[in-house]
Amino acid sequence: MVVDMGAAIMNAVLSPLSLQRENCEFRDTGGRSEENSPLGFRPAFKDVTSGAVYDSRFADGRPAPFHLLDGLPEEVIVHREPGGRVGRVKDSIVSGFVLNGRFYTRDEAAEEVAALAAA
(Lines give C-alpha, C1' and ligand atoms only; values in the text may rest on other atoms or scores of the structure.)
Protein backbone atom coordinates (compact mmCIF):
# COMPACT_ATOMS: atom_id res chain seq x y z
CA MET A 1 0.00 0.00 0.00
CA VAL A 2 1.21 3.49 -0.81
CA VAL A 3 0.13 6.32 1.47
CA ASP A 4 0.59 9.80 0.01
CA MET A 5 1.35 12.35 2.72
CA GLY A 6 2.30 15.30 0.55
CA ALA A 7 6.08 15.23 0.20
CA ALA A 8 6.37 11.82 1.83
CA ILE A 9 5.45 8.54 0.21
CA MET A 10 5.44 5.56 2.51
CA ASN A 11 5.48 2.16 0.81
CA ALA A 12 6.02 -0.46 3.49
CA VAL A 13 4.05 -1.72 6.42
CA LEU A 14 6.12 -0.84 9.47
CA SER A 15 8.08 -3.60 11.13
CA PRO A 16 11.37 -3.61 13.01
CA LEU A 17 13.14 -4.40 9.72
CA SER A 18 11.44 -1.59 7.80
CA LEU A 19 12.41 0.86 10.57
CA GLN A 20 16.03 -0.23 10.13
CA ARG A 21 15.74 0.37 6.39
CA GLU A 22 14.27 3.83 6.99
CA ASN A 23 17.19 4.66 9.28
CA CYS A 24 19.61 3.70 6.51
CA GLU A 25 17.64 5.66 3.91
CA PHE A 26 17.52 8.82 6.03
CA ARG A 27 21.12 8.70 7.31
CA ASP A 28 22.68 12.19 7.38
CA THR A 29 19.47 13.93 6.27
CA GLY A 30 18.01 15.00 9.61
CA GLY A 31 15.28 12.36 9.28
CA ARG A 32 16.66 10.18 12.09
CA SER A 33 16.37 10.54 15.83
CA GLU A 34 20.13 10.68 16.30
CA GLU A 35 20.29 13.73 14.04
CA ASN A 36 17.23 15.72 15.03
CA SER A 37 16.65 15.05 18.74
CA PRO A 38 19.06 17.85 19.75
CA LEU A 39 16.62 20.21 17.98
CA GLY A 40 13.69 18.92 20.06
CA PHE A 41 12.19 16.36 17.66
CA ARG A 42 10.71 13.29 19.36
CA PRO A 43 10.25 10.00 17.47
CA ALA A 44 6.58 9.25 16.87
CA PHE A 45 4.10 7.43 14.68
CA LYS A 46 0.95 8.64 12.96
CA ASP A 47 -2.11 6.72 11.89
CA VAL A 48 -2.90 8.48 8.61
CA THR A 49 -6.42 7.05 8.64
CA SER A 50 -7.48 8.31 12.07
CA GLY A 51 -4.97 11.15 12.47
CA ALA A 52 -3.87 9.78 15.85
CA VAL A 53 -0.23 10.44 16.75
CA TYR A 54 1.67 8.17 19.14
CA ASP A 55 4.99 9.00 20.78
CA SER A 56 7.53 6.21 20.43
CA ARG A 57 7.65 4.28 23.70
CA PHE A 58 9.20 1.22 25.22
CA ALA A 59 6.76 -1.60 26.00
CA ASP A 60 6.62 -0.42 29.64
CA GLY A 61 5.44 3.04 28.56
CA ARG A 62 8.68 4.99 28.99
CA PRO A 63 9.49 7.39 26.15
CA ALA A 64 11.90 5.83 23.65
CA PRO A 65 14.69 7.94 22.15
CA PHE A 66 14.23 6.22 18.76
CA HIS A 67 11.43 4.57 16.77
CA LEU A 68 10.21 1.49 18.60
CA LEU A 69 6.98 -0.35 17.79
CA ASP A 70 6.65 -2.13 21.15
CA GLY A 71 4.95 0.79 22.91
CA LEU A 72 2.19 1.30 20.35
CA PRO A 73 -1.40 0.61 21.44
CA GLU A 74 -2.90 -2.80 20.74
CA GLU A 75 -5.42 -1.42 18.25
CA VAL A 76 -2.65 -0.66 15.73
CA ILE A 77 -0.67 -3.89 16.19
CA VAL A 78 -1.29 -6.53 13.52
CA HIS A 79 1.28 -9.16 14.51
CA ARG A 80 3.42 -10.01 17.52
CA GLU A 81 6.48 -12.24 17.41
CA PRO A 82 6.52 -15.36 19.66
CA GLY A 83 8.41 -13.47 22.39
CA GLY A 84 5.78 -10.72 22.46
CA ARG A 85 7.65 -8.04 20.47
CA VAL A 86 5.63 -6.18 17.87
CA GLY A 87 6.31 -7.65 14.45
CA ARG A 88 4.04 -5.49 12.31
CA VAL A 89 1.51 -2.68 12.63
CA LYS A 90 -1.44 -1.49 10.56
CA ASP A 91 -0.52 -0.27 7.10
CA SER A 92 -1.87 3.18 7.93
CA ILE A 93 0.90 3.79 10.49
CA VAL A 94 3.89 5.90 9.39
CA SER A 95 6.99 6.87 11.31
CA GLY A 96 8.04 10.44 11.90
CA PHE A 97 8.61 12.97 14.63
CA VAL A 98 6.77 15.45 16.82
CA LEU A 99 8.09 18.95 17.34
CA ASN A 100 6.10 21.68 19.10
CA GLY A 101 2.91 19.63 18.85
CA ARG A 102 3.17 19.01 15.11
CA PHE A 103 3.80 15.65 13.41
CA TYR A 104 6.54 15.61 10.77
CA THR A 105 7.16 12.70 8.41
CA ARG A 106 10.81 11.73 8.10
CA ASP A 107 11.01 13.73 4.85
CA GLU A 108 9.44 16.78 6.48
CA ALA A 109 11.76 16.50 9.49
CA ALA A 110 14.77 16.31 7.17
CA GLU A 111 13.57 19.45 5.36
CA GLU A 112 13.03 21.27 8.66
CA VAL A 113 16.47 20.28 9.96
CA ALA A 114 18.06 21.53 6.72
CA ALA A 115 16.15 24.82 6.99
CA LEU A 116 17.23 25.30 10.61
CA ALA A 117 20.84 24.54 9.71
CA ALA A 118 20.73 27.10 6.90
CA ALA A 119 19.29 29.83 9.13
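Residue numbers run from 1 in the order of the sequence given.
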Under 3.5 Å, which donor-acceptor pairs link side chains of residues 72-80 to any protein atom two or more places apart or in another chain?
residue	atom	partner	partner atom	Å
E74	OE2	R80	NH2	2.4
R80	NH1	G84	O	2.6

**Request:** Compute whether any side-chain donor of one residue and acceptor of the other, for R42 and S37, lie under 3.5 angstrom apart.
**Result:**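 No, no side-chain donor-acceptor pair sits under 3.5 Å.
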**Request:** Go through the steps to decide whether R106 and N23 satisfy the test side-chain hydrogen bond (donor to acceptor under 3.5 Å, both in side chains), and finish with yes or no.
**Result:** CA-CA 10 Å; R106 286 186 187 257; N23 274 332; 3.3 Å; yes
**Y104: partners by ring-ring contact (aromatic ring centres under 6.0 Å, His included), with sequence neighbours left out** =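 Y104 satisfies ring-ring contact (aromatic ring centres under 6.0 Å, His included) with F41 only.
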Do you know which two heavy atoms are closest between [X] and [Y], and how far apart they sit?
X: A64; Y: P43; answer: O-CG, 3.4 Å
X: S18; Y: S15; answer: OG-N, 2.7 Å
X: N36; Y: G30; answer: ND2-O, 2.9 Å
X: F97; Y: S33; answer: CE2-OG, 3.5 Å

**Asked** If two hydrophobic side chains count as joined below 4.5 Å and joins carry through other members, does F26 share a cluster with V113?
**Response**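 Cluster IDs for F26 and V113 differ.
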**Request:** Decide whether Y54 and V89 are clustered together by the hydrophobic rule: side chain heavy atoms of Ile, Leu, Val, Met, Phe, Trp, Tyr closer than 4.5 Å, transitively.
**Result:**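 Linked, Y54 and V89 end up in one cluster.
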**Asked** Roughly how far, to the nearest 0.5 Å, is CG of D60 from CG of D70?
**Response**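 Spacing of CG (D70) from CG (D60) equals 10.0 Å.
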**Rounded distance (nearest 0.5 Å) linking atom CZ of R32 with atom CZ of F66** =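 Taking CZ in R32 and CZ in F66, the distance rounds to 13.0 Å.
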**side-chain contact (heavy atoms from CB on, under 4.5 Å) partner of F45, the single match among V53, V94, L69** =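 Among the candidates, only L69 passes.
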**Request:** Run through V13, L14, V48 and flag the one making a side-chain contact (heavy atoms from CB on, under 4.5 Å) with D91.
**Result:**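 Going through V13, L14, V48 one by one, the side-chain contact (heavy atoms from CB on, under 4.5 Å) with D91 is satisfied by V13 alone.
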Test item: [X] and [Y] side chains (from C-beta on) under 4.5 Å apart, heavy atoms:
X: R57; Y: R62; result: no
X: D55; Y: V98; result: yes
X: L68; Y: R85; result: yes
X: E108; Y: R102; result: yes

**Prompt:** Is atom CG of N100 surrounded by more than 12 heavy atoms (other residues, nucleotides or ligands) closer than 6.0 Å?
**Reply:**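 Counting neighbours around CG of N100, 12 or fewer heavy atoms of other residues, nucleotides or ligands fall under 6.0 Å, so no.
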